[in-house]
Amino acid sequence: MKIDINQGEEVVYLDTEDNLLESLAEQGIDAEAQCKDGFCGSCKCTMLEGEVEYTQSALAFVMPDEILPCICKPLTSLKLANVTYHIKSK
């Protein structure tokens with residue numbers, strides 16, 4: 001499935017059962033994260049389009065259009081905004 005980050009700044013294609021944060025990392029996109037457990041909210045971003053499934057309850061406060069990539073899996077292609085990340089060196 002296609003993941004469009006920050007209006008096309010990065011576009012990746014995922015085919016994995018990992019959470020979104022881990023899946024992006026496998027593609028070389030190291031998104032901001034601290035606790036990686038849905039508690040701190042540092043990975044929070046805006047979901048413009050698509051659908052995700054949470055693997056556990058979010059403890060951090062999120063608005064209806066926001067997701068926590070550390071504890072969700074994409075069910076469809078996504079368009080995300082406000083993603084803080086850097087590209088991993090190879």
Side-chain angles (χ1 to χ4, degrees):
M1 75 194 58
K2 179 181 174 183
I3 311 297
D4 183 307
I5 300 170
N6 297 344
Q7 287 77 40
E9 188 172 285
E10 295 293 331
V11 176
V12 295
Y13 295 88
L14 306 178
D15 183 23
T16 179
E17 291 297 313
D18 294 333
N19 67 45
L20 183 55
L21 189 69
E22 293 166 344
S23 298
L24 292 173
E26 290 172 5
Q27 298 297 313
I29 297 182
D30 194 11
E32 174 65 34
Q34 296 296 317
C35 74
K36 299 181 182 173
D37 202 29
F39 181 75
C40 72
S42 66
C43 66
K44 181 173 26 180
C45 63
T46 304
M47 184 170 63
L48 303 173
E49 289 181 20
E51 187 176 347
V52 297
E53 170 184 63
Y54 277 93
T55 58
Q56 65 189 54
S57 296
L59 298 173
F61 177 77
V62 291
M63 297 296 288
D65 64 342
E66 294 176 327
I67 61 169
L68 298 171
C70 69
I71 59 168
C72 70
K73 295 179 180 182
L75 296 176
T76 64
S77 292
L78 304 174
K79 285 190 179 183
L80 305 176
N82 304 315
V83 179
T84 303
Y85 70 94
H86 68 272
I87 304 297
K88 290 182 183 180
S89 300
K90 294 183 179 179

Should [X] and [Y] be regarded as members of a common hydrophobic cluster, given that ILVMFWY residues are connected when their side-chain heavy atoms come within less than 4.5 Å of each other, either directly or indirectly?
| X | Y | answer |
| --- | --- | --- |
| Val83 | Leu68 | yes |
| Leu20 | Ile87 | yes |
| Met1 | Val12 | yes |
| Met47 | Leu14 | yes |

Original post:
Any side-chain heavy atom of Leu80 within less than 4.5 Å of one from Ile67?
Top reply: yes
Subject >> Flag side-chain contact, heavy atom, 4.5 Å: Lys2 against Val11 >> reply: yes
Can you give me every donor-acceptor pair (side chain of residues 22-31, partner residue at least two apart or in another chain, under 3.5 Å) with its distance?
| unit_1 | atom_1 | unit_2 | atom_2 | d |
| --- | --- | --- | --- | --- |
| Glu22 | OE1 | Asn19 | N | 3.4 |
| Ser23 | OG | Asp18 | O | 3.4 |
| Ser23 | OG | Asn19 | O | 2.9 |
| Asp30 | OD2 | His86 | NE2 | 3.3 |

Roughly how far, to the nearest 0.5 Å, is the [atom2] atom of [Y] from the [atom1] atom of [X]?
| X | Y | atom1 | atom2 | value |
| --- | --- | --- | --- | --- |
| Lys36 | Cys70 | NZ | SG | 9.5 Å |
| Leu48 | Asp65 | CG | CG | 8.0 Å |
| Ile3 | Glu10 | CD1 | CD | 13.0 Å |

Do you know the tightest heavy-atom contact between [X] and [Y]?
| X | Y | result |
| --- | --- | --- |
| Pro74 | Val52 | CA-CG1, 4.1 Å |
| Asn82 | Cys45 | O-CB, 3.8 Å |
| Cys40 | Ala60 | C-CB, 4.0 Å |

Original post:
Does a donor on one side chain sit under 3.5 Å from an acceptor on the other, for Asp37 and Gln56?
Top reply: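 Result is yes, a qualifying pair exists.
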**OP:** Step through the shown structure and confirm whether more than 12 heavy atoms of other residues, nucleotides or ligands are within 6.0 Å of CD on Glu17.
**Re:**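 No, because the 6.0 Å sphere around CD of Glu17 holds 12 heavy atoms or fewer from other groups.
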Original post:
More than 12 heavy atoms of other residues, nucleotides or ligands under 6.0 Å from OH of Tyr54: is that the case?
Top reply: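 Buried by this count: over 12 neighbours within 6.0 Å.
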Original post:
According to the salt bridge (Lys or Arg N to Asp or Glu O under 4.0 Å) rule, which pairs have a member within residues 46-64, sequence neighbours left out?
Top reply: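 Every pair satisfying salt bridge (Lys or Arg N to Asp or Glu O under 4.0 Å) with a residue in residues 46-64: Glu49-Lys79.
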Original post:
With distance as the sole test, does Lys44 use its side chain to make a donor-acceptor pair with the main-chain N or O of Phe61 at under 3.5 Å?
Top reply: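 Judged by distance alone, yes, a pair lies under 3.5 Å.
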